[in-house]
J.: 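Take this structure, written in structure tokens, and hold onto it; I'll ask about it next.
Sequence lines set the chain letters: A, B, ... in the order given, protein chains first and strands last, and positions in each chain run from 1. Only a predicted model underlies this, so the values are computations on that prediction, with no experimental measurement involved.
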Number of protein chains: 2
Amino acid sequence: MGASKTHIFSLVQNELAQAAKVLAHPARIAILEYISRQENCICNDLVDVIGLSQPTISQHLNEIKKIGLLKGTFEGKNLCYCINQERWEELQYSFNAFFSNINQNCC
Amino acid sequence: MGASKTHIFSLVQNELAQAAKVLAHPARIAILEYISRQENCICNDLVDVIGLSQPTISQHLNEIKKIGLLKGTFEGKNLCYCINQERWEELQYSFNAFFSNINQNCC
DNA sequence: ATTTTATATTGCAATATTACGATAAAGCTT
DNA sequence: AAGCTTTATCGTAATATTGCAATATAAAAT
């Protein structure tokens, strides 16, 4: 097969997994960290900073965008990507809820 | 190519990505949630509860074990997997640190 | 000792991800 | 308009992941 059987899991489980998948690549972690340190983010910087090709960076940015973590606005000739604060906090809350719901009395 | 260029990223970035990768499948989310709800975990239950074949469940459990999230001990004839509390909290801390380090003054 | 039960491993097919060169598109600059 | 810069898309190759049938292993029960 190869494809995940997403239909046998709950929406919440699938959404958390989907979010985790976006964080499951060091380039995307690095991109998010970099954007968060900048006032503005010019994409071309990322190519230099991260050390991957421009198409690859573009693809990674797209993955991050897909789950709503980035807002993009144009500013002069360069595209300015920024963290979507609301979505970011939503995910932070989801991960934290997941990690907090653990029963300790076993073994 | 196809393989991730892990060597161009920091240890912390790679480790967080690695942990996220384990959470990046709804079956593994479901397995962790299920284990956390039980006093003991008999693996064979998981096959029924999750709805994937025994070899597939075994593989997923192995992925979870690889990053140290499970402790396993034998109890009678059944293997008992449990959440490794220390490691769990470590990851919770890592994710939370990542999510908390976001600069808001952009766009 | 043989059977039963539970878990792990192997091998393989289907699909997904990662990466990049080539090229396209879109907006400035002149 | 022509050229420059920046980002997106296409096409393709390499690798990784997901899933299961078949089989192996290991412990418990008979």
Side-chain angles (χ1 to χ4, degrees), chain A residues 1-9 13-14 17-31 34-35 38 40-67 70-82, chain B residues 1-9 13-14 17-31 34-35 38 40-67 70-82:
Chain A
M1 314 278 150
S4 296
K5 287 191 164 181
T6 55
H7 62 281
I8 66 175
F9 302 105
Q13 288 168 339
N14 276 306
Q18 205 63 38
K21 197 175 268 185
V22 172
L23 303 183
H25 195 295
R28 293 193 287 265
I29 298 284
I31 288 172
Y34 181 76
I35 298 179
Q38 308 308 118
N40 301 340
C41 166
I42 293 98
C43 217
N44 195 244
D45 283 4
L46 282 173
V47 176
D48 299 334
V49 172
I50 307 289
L52 292 168
S53 74
Q54 182 270 319
T56 304
I57 295 289
S58 183
Q59 268 181 158
H60 280 308
L61 279 169
N62 209 251
E63 293 301 310
I64 300 173
K65 237 192 300 186
K66 266 198 238 161
I67 54 157
L70 293 181
K71 296 186 293 190
T73 51
F74 285 94
E75 186 179 274
K77 84 178 153 192
N78 298 319
L79 185 50
C80 172
Y81 281 104
C82 306
Chain B
M1 315 275 150
S4 296
K5 287 190 162 181
T6 54
H7 62 283
I8 66 176
F9 303 104
Q13 288 169 339
N14 276 307
Q18 203 63 37
K21 195 175 271 186
V22 172
L23 303 183
H25 194 295
R28 292 192 289 265
I29 298 284
I31 288 172
Y34 181 76
I35 297 180
Q38 307 308 117
N40 302 341
C41 166
I42 293 98
C43 218
N44 194 242
D45 283 3
L46 282 174
V47 176
D48 299 333
V49 172
I50 307 288
L52 292 169
S53 74
Q54 182 269 320
T56 303
I57 295 290
S58 182
Q59 269 180 159
H60 281 308
L61 278 169
N62 209 250
E63 293 300 311
I64 300 173
K65 237 192 300 187
K66 266 198 236 161
I67 55 158
L70 293 181
K71 297 186 291 189
T73 51
F74 285 94
E75 186 180 272
K77 84 179 149 186
N78 298 321
L79 185 49
C80 172
Y81 283 103
C82 307

J.: To the nearest Å, give me how far apart NE2 (His25(A)) and P (dT17(D)) are.
T.: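 In whole Å, dT17(D) P lies 11 Å from His25(A) NE2.
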
J.: Check the distance between dT23(D)'s C1' and Gln59(B)'s CD and give it to me in whole angstrom.
T.: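 Rounded to the whole Å, the gap is 14 Å.
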
J.: Which nucleotide in the list dT17(D), dA8(C), dT9(D) gets nearest to the side chain of Lys21(B)?
T.: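 Looking only at heavy atoms from C-beta outward on Lys21(B), the closest nucleotide is dT17(D).
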
J.: Out of dC20(C), dG19(D), dT18(C), which has the shortest distance to the side chain of Thr56(A)?
T.: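 Within the option list, the nearest is dC20(C).
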
J.: With a 4.5 Å cut-off on side-chain heavy atoms, are Asn62(A) and Lys65(A) touching?
T.: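 Yes, at least one pair of side-chain atoms sits under 4.5 Å.
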
J.: Specify the residue among Gln54(B) and Glu63(B) whose closest nucleotide of DNA chain D lies further upstream toward the 5′ end.
T.: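 On the 5' side of the pair lies Glu63(B).
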
J.: Please report the distance, rounded to the nearest Å, between CG in Leu52(A) and C1' in dG21(C).
T.: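 One finds 15 Å between C1' of dG21(C) and CG of Leu52(A), rounded.
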
J.: Go nucleotide by nucleotide along DNA chain C from the 5' end; which of Gln18(A) and Ser53(A) gets its closest nucleotide reached first?
T.: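 Final value for this comparison: Gln18(A).
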
J.: Only counting residues at least two apart or in another chain, list the ones meeting side-chain contact (heavy atoms from CB on, under 4.5 Å) with Val47(A).
T.: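 Listed in chain order: Gln54(A), Ile57(A).
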
J.: Side-chain N or O of Lys65(B) less than 4.0 angstrom from OP1 or OP2 on dA8(C)?
T.: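 So the side chain of Lys65(B) is within the cut-off, an N or O lying under 4.0 Å from OP1 or OP2 of dA8(C).
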
J.: Nearest whole Å is fine: how far is dG19(D) C1' from Ile8(A) CD1?
T.: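 Nearest whole value for this atom pair: 10 Å.
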
J.: Select one nucleotide: of dG11(D), dG19(D), dA8(C), the one nearest the side-chain heavy atoms of Ser58(B).
T.: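 Within the option list, the nearest is dA8(C).
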
J.: Would you say that Ile35(B) contacts Leu61(B) through its side chain, given a criterion of any heavy-atom pair below 4.5 Å between the two side chains?
T.: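 Sidechains of Leu61(B) and Ile35(B): in contact.
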
J.: Ring-plane angle category for His25(B) and Phe9(A), please: parallel below 30°, perpendicular beyond 60°, tilted otherwise.
T.: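 Perpendicular.
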
J.: Output the rounded distance in Å from CG (Leu61(B)) to P (dT18(D)).
T.: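 Atom CG in Leu61(B) sits about 13 Å away from atom P in dT18(D).
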
J.: If you assign Pro55(B) and His60(B) each to the DNA chain D nucleotide with the nearest heavy atom, which residue ends up on the more 5' nucleotide?
T.: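 The residue closer to the strand's 5' end, by nearest nucleotide, is His60(B).
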
J.: Rounded to whole angstrom units, what separation is found between the NZ atom of Lys5(A) and the C1' atom of dA16(C)?
T.: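 Whole-Å distance recorded here is 17 Å.
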
J.: Atom CD1 of Ile57(A) to atom C1' of dA19(C): distance rounded to whole Å?
T.: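 Distance check: Ile57(A) CD1 to dA19(C) C1' gives 11 Å.
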
J.: Just jot down the side-chain contact (heavy atoms from CB on, under 4.5 Å) partners of Glu63(A), sequence neighbours excluded, or say none.
T.: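 Glu63(A) satisfies side-chain contact (heavy atoms from CB on, under 4.5 Å) with Arg28(A), Lys66(A) only.
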
J.: How many whole angstroms separate atom NZ of Lys66(B) from atom P of dA16(D)?
T.: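 After rounding, the reported distance stands at 11 Å.
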
